[in-house]
Amino acid sequence: MAESQTSGDVYVRAVRPEDSPALNRICLLTGDAGKSAEPLHEFGELIGLVYAEPYAHLPATFGFVMIDPSKAHDGFGGVVGYVLGSYDTRTFEQHAAGEWYPRVRAKYAYPAGATDADRRFIGILHNPPRSPQAAVDFSPAHLHIDILSDYQRQGWGRKLIAQAVEYLRDERGLSRLWLGLDTRNDGAKRFYERLGFKVLPGAPEGTMGVEFAVFKG
């Protein structure tokens, strides 16, 4: 995955395993329908252990991160956004179930002080769900995207998804992808619709997919 996509001083590069702490932080700070999920959690790292960090470590994954060089010494390497995903969702799920979740859930046996939101994600660690078959039938590829609030509404979401589309099309030979979004986040749904995403019939609410031939990146 080559480095590309620059705008001003901020640039995009391929994700690296050492980006894990930054991915986890961004996932938390955007984890409540686009707002910070910090007030919902006592163990704020849980959300990123499910939706972000595995994509920097497991097979069948890809990812790109936004870097702001002016934040290079913030303790997170200047990572301010990401698009993460898998080009083979079922293979990713197998590796996550066999390699990732057993390692991380050992630390979380429903600890004292856990909030309802914590318990939800602890439950996922112990009983990882499978992606809906209707979504996987549409495409083996899925993604997650999150950008810190200071960098939103500047075109970065479109650029990151375009980077993912280019990678999946040119390097993996795919023609579609899908994602799941929080149904409370109407703004995100409108954004995806502008890019050509459509609701997937037969999949759970909030599941959207796009054919690369009609992607408006």
Side-chain angles (χ1 to χ4, degrees), residues 1-5 11-31 45-67 76-105 121 124-125 127-133 135-148 156-157 159-181 192 197 200 203 206-210 212 215 217:
M1 291 179 282
E3 295 185 10
S4 61
Q5 295 276 12
Y11 65 94
V12 175
R13 64 158 170 81
V15 71
R16 302 167 183 166
E18 57 265 32
D19 294 324
S20 268
L23 305 180
N24 191 296
R25 169 177 173 263
I26 293 169
C27 196
L28 175 65
L29 294 178
T30 58
E45 68 276 15
L46 284 165
I47 186 171
L49 289 173
V50 172
Y51 290 128
E53 290 194 58
Y55 297 92
H57 297 275
L58 294 178
T61 59
F62 68 91
F64 300 94
V65 293
M66 289 170 53
I67 305 293
F76 297 97
V79 178
V80 296
Y82 60 69
V83 60
L84 305 167
S86 171
Y87 55 82
D88 185 338
T89 294
R90 293 297 185 223
T91 295
F92 166 74
E93 289 175 340
Q94 290 171 4
H95 283 280
E99 302 163 26
W100 180 258
Y101 289 123
R103 183 166 71 249
V104 298
R105 69 183 171 222
F121 285 98
I124 292 174
L125 295 183
N127 295 285
R130 284 170 59 84
S131 298
Q133 189 60 46
V136 178
D137 288 344
F138 177 79
S139 173
H142 75 270
L143 63 73
H144 301 278
I145 179 170
D146 289 304
I147 299 172
L148 292 179
W156 283 109
K159 291 176 184 177
L160 286 176
I161 295 177
Q163 187 89 359
V165 167
E166 180 181 347
Y167 167 77
L168 292 169
R169 182 189 62 219
D170 297 349
E171 298 193 33
R172 295 295 167 182
L174 298 177
S175 61
R176 299 171 170 180
L177 68 82
W178 62 272
L179 55 78
L181 61 93
Y192 293 126
F197 282 77
L200 291 187
T207 309
M208 303 183 74
V210 66
F212 298 164
F215 174 67

Identify the two heavy atoms, one from Ala164 and one from Leu143, that lie closest to each other, and give their separation to 0.1 Å.
-> CB-CD2, 4.0 Å

Just by distance, do the side chain of Asn24 and the backbone of Glu45 share a donor-acceptor pair under 3.5 Å?
-> yes

Is the NZ or CZ atom of Arg169 positioned over Phe212's six-membered ring, under 6.0 angstrom from the centre and within 45° of the axis?
-> no

Check whether any side-chain heavy atom of Pro140 lies under 4.5 Å from a side-chain heavy atom of Leu174, and answer yes or no.
-> yes

State, with a plain yes or no, whether a side-chain heavy atom of Leu179 is found less than 4.5 Å away from one of His142.
-> no

Aromatic plane relationship, Phe121 with Tyr51 - under 30° parallel, 30 to 60° tilted, over 60° perpendicular = perpendicular

Note: Arg105 and Leu125 closest approach over all heavy atoms is NH1-O, 3.1 Å

Mind checking the CZ-CG spacing from Phe138 to Leu177? Nearest 0.5 Å is all I need.
-> 7.5 Å

Nearest heavy-atom pair of Pro128 and Tyr101: which atoms, and what distance?
-> CG-CD1, 3.3 Å

Does Ser139 reach the main-chain N or O of Trp178 with its side chain, forming a donor-acceptor pair under 3.5 Å?
-> no

Not counting sequence neighbours, which residues clear side chain to side chain contact (heavy atoms under 4.5 Å, CB included) with Ser20? List them please.
-> Glu53, Ala56, His57

Can you tell if the side chain of Arg172 reaches within under 4.5 Å of the side chain of Asp88, non-hydrogen atoms only?
-> no

With sequence neighbours excluded, what pairs up with Phe197 under the ring pair (Phe, Tyr, Trp, His ring centres under 6.0 Å) test?
-> Tyr192

For the atom pair OH (Tyr82) and CG (Leu23), what is the distance rounded to the nearest 0.5 Å?
-> 6.5 Å

Enter the distance from Phe215:CZ to Ile161:CD1 here, rounded to the nearest 0.5 Å.
-> 6.0 Å

For Trp100 and His95, indicate whether the former's side chain and the latter's backbone hold a donor-acceptor pair under 3.5 Å.
-> no

Less than 4.5 Å apart, any side-chain heavy atom of Arg16 and any of Asp19?
-> yes

Do the side chains of Ile67 and Val79 get nearer than 4.5 Å, heavy atoms only?
-> yes

Does some side-chain heavy atom of Ile147 sit less than 4.5 Å from a side-chain heavy atom of Met66?
-> yes

When rounded to the nearest 0.5 angstrom, what distance separates CD in Glu93 from CG in Leu58?
-> 11.5 Å

How many angstroms lie between atom CD of Gln163 and atom CG of Leu168, to the nearest 0.5 angstrom?
-> 10.5 Å

For Ala52 and Leu84 the tightest heavy-atom approach is O-CD1, 3.5 Å

Might you point out which heavy atoms bring Phe64 and Ala14 nearest each other, and give the distance in Å?
-> CD2-CA, 3.9 Å

What is the minimum heavy-atom distance between Gly85 and Tyr55, and which atoms define it?
-> O-CD2, 3.3 Å

Is the backbone N or O of Ser131 less than 3.5 Å from a side-chain atom of Arg90, with the two atoms forming a donor-acceptor pair by type?
-> yes

So how far is it from Cys27 SG to Leu46 CG, rounded to the nearest 0.5 Å?
-> 10.5 Å

